[in-house]
Each structure stands twice: as structure tokens, then as C-alpha cells.
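Working notes, structure below.
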Amino acid sequence: MKRSDDVRPRQEPTGTATAFGTFGELLQGVLPEDGGDFLVTLPVARWSMATFRQDPRAAAITVRPVHKKKALRLVRLIVEEEHRPVRGELALSSVIPEGKGLASSSADLVATARAVAKALGTPMPPARIERLLARIEPTDGVLYPGIVAFHHRRVRLRAVLGSLPAMTVVGIDEGGAVDTVAYNRIPKSFSTAQGYEYARLLDRLTDAIPRHDLAEVGRVATRSALMNQPHRYKRSLEPMLEICREVGGLGVAVGHSGTTLGLLLDSRDPSCTRQATEAARACAELAGGIAVYRTLSFPGVRAPTTEPLLPV
């Protein structure tokens, strides 16, 4: 007979998952002929981690930190779909700054969906995550590996564009924070000509990414940053472009709906360390906080063959 002191507490089902953030976007705008708002992701090595632990003794579902209310709402939506009583705690931990245009909220939500699914033993394919997140807020495409074109307001994948060799991003933050939901409610007027230019830029990225043409990627990112100025002005953009020219960088990427700007460098270049050091020194005169990021590569991700948006 087993002694009572040999009985160990039952471990409740727990799920843990992660999702990466982005450094703004390589491209963000609107496509012509009702193609809709879209963005192209730039994944970086910063993550959000979610752990969901079921606890039948708990009074309800709770979240830590308590201000992560969108993640709490997502847990409740998943539980409603599962049609079973679930209680427990969601714990979120992230190294992605909030309100800066680095996809912190999207990473929290994607990590949450995956963690809850693991704890409940239920499937959570990307299509289900898209459908759930569409009920909460506009969302970045961080639920997909690689660089993707994503309709962030519709929360729907447009295309997988592929993967790039690692880049170093010397980033600055102009300060403050942006509420993505509120920002996306603001009407933004784009002319027909701008719509067609965004389509051409997307075609250029679609061609450049599978060829690992980082110079072309940098040019497209820079043009997108400039086109975004009327919508979310960055006072440091022109000085950043000058620093980019001085150090021989690829271009400048921005958080189109955030406060960050980053100088892109080819990590494979033997002079990358020198370039990054010089860029960081120069950028320190523009903003107080300098951070260096590394973009993520996804060797197994390949872009499917697609037709260009506009005639060549």
C-alpha cells in the first residue's frame, strides 16, 4: 500500500510558447484597386514568451502582468471555442519594447494562442490564429516564419516572400508610445499613384528577397520610410539617411506606426562591426536610446512563384 507522504501533487496541463518581434516593417502602405492595407515584416531576434497553466482551483482566468488585457481576452475567446471549463493563469514575458512599432502586441498574442493550445491539447494552425486575432486588433504577420506580406487590418496572409541573410539594425527610439489600435483607426488618404507605387515596391521586394539582394531591400525600405512621413512623421529620418550614406549602410527601416528608426547593415560584410560602431556613435546624437538588433533568417522558408502585381 502506498504511503500518503509518497503522493505528489498532480501537475496541471501547462503550455509554453514564443513569438518573435519585428523591427518595424520593410514596407507598409496600400495597394491599388482595393488591394487593401498591407505590410512586409522584418523579423528580429527579440521574443515574447507565454506560459498558460491550467488550475481548476482558480476562480477564473488571470494574466500577469495585469495590463496585458488583450492577451487575456484572447485566452477567453479560445476557451469559449473549446466549450469546456478552463481556469488558470497566463504569464507573459517579453524583451520587445511596447508601443514602438516592433510588433510587441502581436508577438504577445501569437505566443498566447500557441501556449493555450498546447495546454489544452487543441490545434492552433495559422488560419485559426488569424481568425481569433482579427476579433481583437490589427496584427502583424509574426505568426508566420520568414518575411511575409500581410494584410494587418484584415489579419490575413498575402504572401510568403522568403528569407534573407542576417542584417544588423542600429536602432533609435524617438520617444513616446503609439497605440496601434487607435493609430489604425485614423483615416489615411493615399492617391491612386501612391497605390501603384506601393505595388511596384512590393514587386521589387518579391523579386529581391529570394535573390538575397540586400541592397535592393534597403532601397525599398528607405522609400517606404519616406512615403510614410505624412502619416507618422519621423524627425530623425533625414539625419539617419545621412548617417546611412556616411557608413555605407543598406538603407533605413522604420516602425511605420511606431517611434523607431533603424539603419540596416549587411552582417556578412567584414566591415559591419566598424559600420555599426560608427553608426551607433552618430545616432547617439539624435536620440538617447540606441539598440542593436539582429534580423532572423529562416533557411527552410522558400517563396512560391508568383505573378507581379503590375505588368513588368
#### Entry: Heavy-atom pair of closest approach, residues P43 and G146
CG-O, 3.5 Å
### Task
May I ask you to decide whether E242 forms a salt bridge with R245, counting only side-chain N to carboxylate O separations under 4.0 Å?
yes
#### Entry: Salt bridge flag under 4.0 Å for residues R131 and E81
yes
### Message
Suppose the criterion is side chain to side chain donor-acceptor pair (under 3.5 Å): which pairs have a residue in residues 278-292, not counting sequence neighbours?
### Response
R274-E278
### Query
Quick one: ring pair (Phe, Tyr, Trp, His ring centres under 6.0 Å) partners of F23, sequence neighbours excluded?
Y293
### Message
Assess the residue pair K68 and E98 against the criterion (salt bridge (charged side-chain N to carboxylate O under 4.0 Å, His left out)); give the C-alpha distance rounded to whole Å, side-chain angles, the decisive distance to 0.1 Å, and a yes or no.
### Response
CA-CA 11 Å; K68 301 284 189 177; E98 297 181 10; 2.7 Å; yes
## Note on the structure
Apart from L237 itself, members of its ILVMFWY cluster (side-chain separation under 4.5 Å) are V170, I172, L226, M240, L241, I243, V247, V252, V254, L261, L263, L265, L286, I290
### Query
Taking only residues two or more places apart in sequence or in another chain, which ones pass side-chain contact (heavy atoms from CB on, under 4.5 Å) with A215?
D213, R219
### Query
Quick one: do R204 and E216 make a salt bridge, cutoff under 4.0 Å?
yes
### Task
Name all residues meeting the salt bridge (charged side-chain N to carboxylate O under 4.0 Å, His left out) criterion together with E130; count only those two or more places apart in sequence or in a different chain, and write none if there are none.
none
### Task
Describe, in one word, how the ring planes of Y198 and F190 are oriented to each other, choosing from parallel (under 30°), tilted (30 to 60°) and perpendicular (over 60°).
perpendicular
#### Entry: With sequence neighbours excluded, residues passing side-chain contact (heavy atoms from CB on, under 4.5 Å) with A58
D55, R87
